[in-house]
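Note sheet for the following structure.
Note: hydrogens, waters and symmetry copies are ignored here, and every other heavy atom, side chains too, is used. Just so it is clear: chains get the letters A, B, ... in the order the sequence lines come, proteins before strands, and each one is counted from 1.
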Amino acid sequence: MDFERDLNPAQRQAALTTEGPMLVIAGAGSGKTRTIVYRLAHLVSDGVDPAAILLLTFTRKAAQEMLTRAGMLLAMGPSGVASVSGGTFHAFAFATLRRYHAAAGFPDGFTVLDQADSEDILGQAKDTLGIGKGDRSFPRKSAVLGLLSKARNKELDVGDVLSREAFHLLPYAGDIARIGERYTAFKAENRLLDYDDLLFTLERTLTEHPDLLDYLRQHHRYVMVDEYQDTNRVQARLTRLLAPTSGNVMAVGDDAQSIYAFRGATVDNILDFPELFPGTLVVKLEQNYRSTQPILSLTNAILQNAGRKYDKKLFTTREDGPQPELLRPFSDLTQAAMAAAKIRELSSRYPLHEIAVLFRAGYQSYALEVELGKTGIPFQKFGGLKFSDAAHVKDVLSYLRLVRNTADFPAWSRVLAFVPGIGPKTATKIFNAIQSGDRAVLGKMAAKSQEFRALIEFLDTLRALPPSPAQLLERVIEAYAPLLAEKYPEDYPRRQAGLEQLQQIAAAYADLDAMLADLVLENPDEDRKKTREDHVVLSTVHSAKGLEWSAVLVIDLVDERFPSRHALSRPEDLEEERRLLYVACTRAREHLTLFAPETIYQRQTGGCAPALPSIFLRELPPGTLPERRERLGGGSAAAFAACPPPSAPATAVRSRLTRPAEAPHLTGAPAPRKAPTGKMGYCRHKIFGRGKIIAMLDDGKCRVNFPDFGPKVILADYLEMEDAS
DNA sequence: CAACTACAAATTTTT
DNA sequence: TTTGTAGTTG
């Protein structure tokens with residue numbers, strides 16, 4: 001390892017400065033990971049015990065990447081990797097809480113809930129309280145959970161969150177808050193922790209137990225936090241708490257890549273860092289080693305229009321390379337075919353796993369997945385269904401969870417659902433009886449149902465066995481196999497194989513709790529995926545963060561998809577979408593193709609609606625991005641006709657460049673023209689913004705659906721029609 | 001009264 | 001593709 005040769009001066013400074021607080025502002029592709037890894041190596045070669053180094057990140061991907069690369073470089077093998085403490089904030093919180101569970105207030109341990117579990121409990125709370133019954137517009141439980149979690153992460157109350165970003169749900173604020181209280185109480189009664197609880201409980205435990213905190217601070221002599229721009233307020237406080245007495249804290253981040261504000265992440269954390277830790281050394285990494293200049297020019301142009309930004313000049317020495325291009329298929333369906341054709345074309349130059357297709361939301365790749373299946377191009381998708389989310393895996397794990405914690409409601413309801421004659425209601429009754437020790441109810445159930453008796457006996461046998469994950473799992477799968485065949489007659493063998501995979505995972509664990517929590521916090525499927533070669537990668541932009549490919553395609557770059565429909569009304573949200581696009585484009589090393597279909601399928605109307613290219617593309621200076629439209633004559637990418645570059649007057653160009661903070665929903669949209677004429681389509685309202693007319697009513701009124709305010713009845717005079725083009 | 005069945009509706013991003 | 005509701009059946 002040669003620090004002189006392998007690192008540039010800024011990187012070297014970051015890697016070799018080991019004492020005192022440090023903030024590294026690392027642009028996209030600026031060798032951030034390399035710098036951190038070299039710093040680790042430097043510390044270890046200085047005689048620092050790897051276990052005394054704590055490495056925290058927000059996402060699993062980043063944690064994994066970091067720890068494997070550290071392991072490779074330190075040439076210590078897998079055991080060496082394990083000896084550097086670290087992982088995601090959540091995983092670290094879990095490990096710490098588990099070790100000191102008594103201090104955390106859980107003498108008998110606790111169970112970690114994943115999203116589905118939390119939703120189950122929330123649904124239960126909603127039913128118990130009788131809230132929202134028969135009300136079709138009451139938000140579904142996933143939305144309720146999202147709101148409650150957002151309120152928690154942003155440390156606001158539900159009303160504030162609603163009034164800021166879901167105006168139409170404001171009347172439900174009280175109900176949602178009540179459901180939230182019930183949910184919180186339920187978790188407390190049954191020693192259950194959700195994702196957010198892990199962080200807040202760790203914070204509480206550390207503040208309440210100064211001795212424990214002191215011990216941890218002594219133990220972790222060096223703390224490094226990666227992707228610091230994605231941390232939220234608790235995570236920043238945890239960083240502060242855990243900071244060793246020596247003050248050796250390093251935070252690494254890039255404000256331009258902050259894409260988790262929706263869950264409370266705040267760039268303020270980066271800005272405040274030097275104040276929080278006096279004497280902070282700030283290092284900027286500005287040389288980009290990943291992309292060619294044409295790609296960097298585009299990404300710089302995208303960032304150019306950002307409302308607020310921090311000065312950072314990314315530069316590269318890779319001057320040459322193909323120009324990024326914008327393709328305009330007729331529709332999102334032909335887009336899938338175009339993208340597949342593009343992949344085929346690229347595959348002559350790059351191995352398949354060096355090609356990635358990125359999109360805003362998981363569902364946007366469905367058409368492409370079908371197309372790739374048809375043409376026989378293998379792919380792997382990131383951000384799809386998690387291994388542990390599969391129903392059969394959750395079923396089996398539920399039995400194991402009940403071995404550790406009989407107060408686990410989601411587990412009971414899954415397990416009880418297999419007993420004939422028991423549905424949600426009876427399951428709840430039984431759960432309550434178990435909780436309160438009501439033998440009478442249980443006895444009655446047992447007398448009535450042979451299957452119920454068998455289940456209880458089975459669970460008792462499990463609980464009597466030694467708590468070895470592998471052995472317990474074997475018993476459970478044995479008992480579950482017939483149920484599996486019955487429940488999934490069609491793809492029973494595939495799921496069976498999945499359970500065998502689970503057995504292999506279990507074999508690696510000596511401790512049941514650790515295994516259960518890891519399945520909730522980590523995703524064992526993904527490391528396996530990572531090593532899979534010769535598959536095109538399909539990924540959400542969020543999941544693609546920190547990764548890079550030789551060729552990148554970004555699809556569905558039209559307004560309402562990317563930027564997401566939900567982000568159109570609030571400027572801050574729109575800015576985040578812009579950074580998201582920036583992250584997407586900066587993943588590309590050499591080749592970058594953007595797709596903006598001219599029409600997109602709309603579920604509501606069942607037809608196609610014309611679509612505008614993403615606002616972020618429309619506001620680029622003309623000529624930045626060559627554009628080619630699909631031709632009627634043929635279906636392959638080669639059939640694109642080159643469009644003449646748009647010839648806007650030079651003055652318009654300049655005004656766009658110097659006017660970054662234009663009201664987002666007005667920028668680039670066709671000028672409003674006329675009042676509704678009875679034709680359906682999009683219109684604009686002074687207060688509610690852009691909306692879709694869904695019905696014409698009497699008295700010159702119409703019903704308009706506004707993406708962020710819900711449907712409203714409005715006098716047509718107050719609306720302006722938007723051109724269909 | 002609870003479970004099962006059929007159907008309409010809605011869908012961001014992560015831990 | 002999942003989730004909630006209304007109707008039907010045991």
Side-chain angles (χ1 to χ4, degrees), chain A residues 56-63 87-94 112-116 118-120 122-123 126-127 132-146 149-150 152-153 165 193-200 227 230-232 234-235 258-265 358-364 366 369 382-386 388-389 391 416-417 419-429 517-523 526 539-545 556 560-568 573 576-577 579-581 583-584 602-604 606 705 707 710:
Chain A
L56 294 173
T57 66
F58 166 59
T59 59
R60 288 171 292 151
K61 277 249 178 58
T88 63
F89 273 94
H90 290 86
F92 171 74
F94 167 73
V112 183
L113 302 170
D114 69 7
Q115 184 173 323
S118 297
E119 285 176 10
D120 283 350
L122 225 41
K126 188 180 149 207
D127 285 350
K133 222 170 15 191
D135 181 354
R136 283 204 121 109
S137 49
F138 195 88
R140 36 200 58 232
K141 54 189 183 186
S142 59
V144 175
L145 180 66
S149 174
K150 182 173 269 190
R152 201 117 188 263
N153 280 293
E165 44 200 282
L193 295 184
D194 66 16
Y195 289 126
D196 300 332
D197 291 326
L198 287 173
L199 303 182
F200 286 102
E227 307 282 6
D230 289 332
T231 55
N232 61 21
V234 217
Q235 287 167 327
S258 159
I259 54 175
Y260 284 99
F262 72 88
R263 58 166 288 285
L358 306 183
F359 33 86
R360 174 67 181 84
Y363 72 90
Q364 286 170 337
Y366 291 160
E369 288 173 40
F382 288 95
L385 193 74
K386 289 182 193 166
S388 51
D389 277 348
L416 285 169
V419 181
I422 295 184
K425 289 276 179 187
T426 318
T428 307
K429 213 190 296 175
D518 275 3
L519 283 168
V520 171
L521 294 170
E522 321 272 324
N523 191 337
E526 289 199 356
S539 172
T540 60
V541 181
H542 282 93
S543 297
K545 184 144 177 216
D556 268 352
E560 309 220 330
R561 293 241 176 132
F562 199 157
S564 158
R565 172 163 61 90
H566 305 279
L568 290 175
D573 291 350
E576 178 145 317
E577 300 285 309
R579 294 191 295 267
L580 206 48
L581 179 60
V583 169
Q602 288 213 317
R603 194 169 294 252
Q604 294 144 341
N705 193 16

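Between T426(A) and G421(A) the shortest heavy-atom distance is OG1-O, 4.3 Å.
Using a 4.0 Å heavy-atom cutoff across all strands shown, E576(A) reaches no nucleic acid atom at all. Residue-level contact check: F262(A) touches the bases, meaning some heavy atom is under 4.0 Å from a base atom. Within 4.0 Å (heavy atoms only), G146(A) reaches no atom of the nucleic acid at all. Within 4.0 Å of T426(A), counting heavy atoms only, lie sugar-phosphate atoms of the nucleic acid but no base atom.
In this structure, K150(A) places its NZ atom 11 Å from P of dT12(B), rounding to the nearest Å. Protein atom CG of L581(A) is 16 Å distant from nucleotide atom C1' of dT12(B), rounded to whole Å. For the pair R565(A) CZ and dT11(B) P, the interatomic distance rounds to 7 Å; values are reported in whole Å. To the nearest angstrom, C1' of dT13(B) lies 15 Å from CG of D556(A). Summarising the geometry, the separation between CD1 on I259(A) and P on dT13(B) is reported as 13 Å, rounded to the nearest angstrom. As a whole-Å value, the separation of E560(A) CD from dT12(B) C1' is 14 Å. In this structure, CZ of F359(A) is placed 12 Å from C1' of dT13(B), rounded to the nearest angstrom. The distance between atom CZ of R360(A) and atom C1' of dT12(B), rounded to the nearest whole Å, is 5 Å.
Side-chain atoms of V520(A) and Y195(A), non-hydrogen and from C-beta on, do get closer than 4.5 Å to each other. For the pair S137(A)/D135(A), a side-chain contact is recorded, criterion being any heavy-atom separation below 4.5 Å from C-beta on. You'll find the side chain of K425(A) stays beyond 4.5 Å of the side chain of D127(A), heavy atoms only.
The distance between the ring centers of F359(A) and H542(A) does not fall below 6.0 angstrom. Annotation: F94(A) is not in aromatic contact with F92(A) [ring centroid separation under 6.0 Å not met].
The pair K150(A)-E165(A) counts as a salt bridge, with a side-chain nitrogen and a carboxylate oxygen less than 4.0 angstrom apart.
The listed nucleotides are dT13(B), dT12(B), dA3(B); the one nearest the side chain of T540(A) is dT13(B). Counting only heavy atoms from C-beta on, A361(A) has its side chain closest to dT13(B) among dT13(B), dT15(B), dA2(B). Distances from the side chain of L521(A) to the nucleotides dA3(B), dT15(B), dT13(B) place dT15(B) closest.
Evaluation of F58(A) against the base of dT15(B) yields no stacking contact (centre distance < 5.5 Å, interplanar angle < 30° required).
For the pair P424(A) and T88(A), nearest-nucleotide mapping onto DNA chain B gives the more 5' position to P424(A). For the pair I422(A) and H542(A), both in contact range of DNA chain B, the more 5′-proximal nearest nucleotide belongs to I422(A).
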* Base, backbone or nothing for each nucleotide of nucleotides 3-10 of chain C, written B, S, -, heavy atoms under 4.0 angstrom, 5' to 3'? -> SSS-----
* **Verdict with reasoning, D230(A) to R263(A), per salt bridge (Lys or Arg N to Asp or Glu O under 4.0 Å)** => CA-CA 9 Å; D230(A) 289 332; R263(A) 58 166 288 285; over 6 Å; no
